[in-house]
Amino acid sequence: MTDARFDPAHADLRWQRAWDAARCFEADSASARPKRYVLEMFPYPSGRIHIGHVRNYTMGDVLARYRRMRGDEVLHPMGWDAFGMPAENAAMEQGVHPAGWTHANIAAMKAQLRRLGFALDWSREFATCDASYYGHEQALFLDLYEAGLVYRRASAVNWDPVDRTVLANEQVIDGRGWRSGAVVEKRQLDQWFLRITAFAEELLDGLGTLERWPEKVRLMQENWIGKSQGLAFRFALSNGESVEVYTTRPDTIFGASFVAVAPDHPVAQGVAMNNCEAARFNHRCKQGGTSAAEVETAEKLGFDTGLGARHPFTGAYLPVFIANFVLMDYGTGAVMGVPGHDGRDFDFASKYGLPILRVVAPSADAADAPMTEAEPGDAVLVHSGFLDGMGVEEAKRAVIARAEAEGWGEGKTVWRLRDWGVSRQRYWGTPIPFIHCAACGVVPVPRDQLPVTLPEDVDFSAPGNPLERHPTWKHVACPQCGAAAQRETDTLDTFVNSSWYFLRFASQPADRPFDPDEVAQWLPVDQYIGGVEHAILHLLYARFWTRALAVCGKISVQEPFASLFTQGMVTHETYRAGDGSWLSPSEVRREGDDYLRIEDGSPVTLGRMEKMSKSKKNVVDPDTIVERHGADAVRWFMLSDSPPERDLPWSDSGIEGCARFVQRLWRLFGQFDAAAEGEDRALARKTHRAIAATAEDIEGLAFNKAVARIYELASAIEKAPPSADRSAAIRTLLLLAAPMMPYLAEEGWAAMGGSGLVANAAWPEVDPALLVEDEVTIAVQVKGKLRDTLTAPRGLPQAELEALALASEKVQRSLDGAAIRKVIVVPDRLVNIVA
RNA sequence: GCCCCUGUGGCGGAAUCGGUAGACGCGCUCGACUCAAAAUCGAGUUUCCUCGUGAAGUGCCGGUUCGAGUCCGGCCAGGGGCACCA
């Protein structure tokens, strides 16, 4: 009845057309069925789909297709995060227009996605570079402006004096511009900021409600927001000035033996004016790496200013140092050094011979125990005057209370989170809808003049921002006074584009960004899936925008993503030739345990499994493998073996195994016989257990386990003789595999005479009666070691199980006549005899 | 430096609540089919030995328990994150 082999090339095209014709994946906001929003992070249109995208979208697709089979109305959209630097780079390097380059990439990648059989609602597709998207973004930006969440201030940028452009951190290599090689300068520019710090507390508290987010991501965000509570207070200095410090450990104030200020702190700058050694020291501190790991392992350096700081309680004068480990932009840029109870202060004090005082001890008796390292301390205060005997928390409160009563300090909450700078001095982004007027200042573009569109006739041959030097674009009349004025030429950070796209997917009226009622139908996203690299910025910004829009009355949801899943990377072996250069998998062949270069047979060194990257040449192209093995096999491989949150090692033999399984299923489908008769209770049980287990695994995103269930059922069916139950099992198997291998499933469904499309079919019902086994295997242990297994009817009373176990010959042999002290019986599982 | 995660066969991994460790897949070995190969099908595949159906075994050391991959304490290794954040 069917072809001997399943031909993906033929089937794939056929069913893509069938799905399109039936418009089965278009979500209906008016549907009465339960709404389900499945979303994967939308891609940047770089030109080609990466294998990591394939894994990401396959997971979301299985979930979306499964939910549809369970009767939900599923929204599973796709679009393009289309603004960004690569398009401008292409424009500069290849002379193409960013828009043309981007749209060509989108077309190519869309074709790739369609080929992979994803059940996407293409009717809602958009690119963030469409004026019909970014125009609404401009309106939302004005909403935030009116709500007081947008402001301008001066802020430093990396300025490339040769290219006359602002560089991103990644474009600055060893302090030089990546293209020009010129030494990068810090330059102050007036820039636009979003007041995310106004939401610091809410964003932190909100994390507590995100139970279906990975603990890891919540922790990363929590650390990023960085709330700390402590005491800010002033030290009077010996030169008549004063310095404010901030500490989270006010309880240890009696242990302070020095004060340290940042090299760019006013006190340090003041000292440097009259002391060239201090100036040299300050300068030296600005060199060297800025990354945490580099800085933290760097040697702690200090410069004794000769100044003294008067301790508020003891009246003693503490030496004031300039120190390289104090940061100007956190807290007050100055700290009190407590070597006994802070690791950095300990290192510093040891180096400069400063006293190391114990002020917290495990007990009052241990007040004079020697200190060999900094102890965080969590017990009792000692050598601390009025604090002696108090616990750490009590002492913190007491010091803050005293400082506030005496007026020299106050309890303070400090946040690490800073406001979000959204200005980019680039062409390919959302124009910021403001106009600069000499008389009126910064004036918002009137809403009836939105969108502010990008000019198309731009020139990338000269350095600098094309918007800035466009002959006419920026010259406009002031909306308020009508005088000649200039448009803002900065565009928005692309993270703004991705901070609300999930709302536009849910609802896209032409005249507004979205309809609040329709958004309420779909939001929050039931399952968001993407890479962990977006754990902090994208997800925090999206949470911020959602809350900010709620404050503006635009929507009612607080948190955009109810459940988040971060998938692992796809990795591949790396290969290196004798000269150390990287080789691509296609240049290498394997002979036994040896790897050889195909070209000349020279030996190849096998490197680590690493994330696929062009620089290491360990990439596989999705198109090539889809061509060779079909989309179903590729999807199956993406789901098999590795748990989705872990890395997936790509292997050729793995994908070949998947392709074989596709054919094996196809042969099995060919054995479906609607007329078969006879019962097979055992197979029916296995079938229903597989339905229940696969559903559970898919719902828990344990796709690797769901895959194993399907393999198991397939093997059981192959071994079973023909029967009505066997035919039913084959049909069930097809349905279980349908979300994962949609093309094969449609083809098989049609061959079996199923009605309609499998894409619209229902998930098989489980018969609970068939989930229960009536016989169970009992493990019999003697002193905790397995000695025998026996089969017993389910639910056998404990006493009978015990008797059965004791009757076992192997058990008696192990006991060897020893007296039985105790017997532990776990019903339907095991008997443990303790002798 | 700090924080987090992960360590189970040749490999990816499974094991609900502490209850038969190694499901399922890949690879490999042997066999069937074939002139042959591919494909397919069948059997086997943690280690060790005295080959019994013994002993050991989930990174290492210890603990709790009738029983530990799972819980607790201390290490080690690999990976990830970061902000010297006071």
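Reckoned from all heavy atoms, side chains included, excluding hydrogens, waters and symmetry mates. Letters A, B, ... are given to chains in the order of the sequence lines, protein chains preceding strands, and every chain is numbered from 1.
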- Message: Walk me through whether A:Ser642 and A:Arg55 qualify under side-chain hydrogen bond (donor to acceptor under 3.5 Å, both in side chains).
- Response: CA-CA 11 Å; A:Ser642 286; A:Arg55 192 178 189 204; 5.2 Å; no
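The six-membered or imidazole ring of A:Phe313 lies near that of A:Trp408, with a centre-to-centre distance under 6.0 Å. Taking the ring centroids of A:Phe661 and A:Tyr711, they lie under the 6.0 Å cut-off. Aromatic rings of A:Tyr352 and A:Phe258 (six-membered ring for Trp) have centroids beyond the 6.0 Å cut-off, not under it. Side-chain rings of A:Phe233 and A:Phe235 approach one another, their centers coming within less than 6.0 Å.
Considering only side-chain N and O atoms, A:Arg344 lies nowhere under 4.0 angstrom from the phosphate OP1 or OP2 of B:C2. Checking the phosphate oxygens (OP1, OP2) of B:A39, no side-chain nitrogen or oxygen of A:Arg5 falls inside 4.0 Å.
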Check: residues 791-813 of chain A side-chain donor-acceptor pairs under 3.5 Å, at least two apart:
{"from": "A:Ser808", "atom 1": "OG", "to": "A:Asp788", "atom 2": "OD2", "distance (Å)": "2.8"}
{"from": "A:Ser808", "atom 1": "OG", "to": "A:Lys810", "atom 2": "N", "distance (Å)": "3.3"}
{"from": "A:Ser808", "atom 1": "OG", "to": "A:Val811", "atom 2": "N", "distance (Å)": "3.2"}
{"from": "A:Gln812", "atom 1": "NE2", "to": "A:Leu806", "atom 2": "O", "distance (Å)": "2.7"}

Contacts under 3.5 angstrom, residues 643-656 of chain A side chains, donor-acceptor by atom type, not counting sequence neighbours:
{"from": "A:Asp647", "atom 1": "OD1", "to": "A:Met569", "atom 2": "N", "distance (Å)": "3.0"}
{"from": "A:Trp650", "atom 1": "NE1", "to": "A:Asp652", "atom 2": "OD1", "distance (Å)": "3.4"}
{"from": "A:Ser651", "atom 1": "OG", "to": "A:Gly654", "atom 2": "N", "distance (Å)": "2.9"}

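Glycosidic torsion of B:G9 falls within 90° of 0, placing the base in syn. By the rule that a glycosidic angle within 90° of 0 means syn, B:C17 counts as syn.
Residue pairs meeting the salt bridge (charged side-chain N to carboxylate O under 4.0 Å, His left out) criterion with at least one partner in residues 706-716 of chain A, sequence neighbours excluded, are A:Asp697-A:Arg709.
The residue A:Val834 sits close only to the backbone: its heavy atoms come under 4.0 Å of sugar-phosphate atoms, none of a base.
Straight-line distance from the CH2 atom of A:Trp224 to the C1' atom of B:C82: 8 Å, rounded to whole Å.
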- With sugar-phosphate taken as primed atoms, P, OP1 and OP2 and all else as base, the protein-contact string of nucleotides 15-34 of chain B at under 4.0 Å (heavy atoms; B, S, -) is S---BB--BSBSS-------
- B/S/- along nucleotides 51-58 of chain B (protein heavy atoms under 4.0 Å) is ---SSS--
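Taking both residues in full, the closest heavy atoms of A:Leu683 and A:Ala729 are given as CD2-CB, 4.0 Å, listed atom of the first, atom of the second, then distance.
Separating the C1' atom of B:G80 from that of B:G69 is a span of 23 Å, rounded to the nearest Å.
RNA chain B contains the following stems of three or more consecutive Watson-Crick or G-U pairs, with both distances under 3.5 Å: B:1-7 with B:76-82, B:10-12 with B:24-26, B:27-32 with B:40-45, B:46-48 with B:54-56, B:59-63 with B:71-75.
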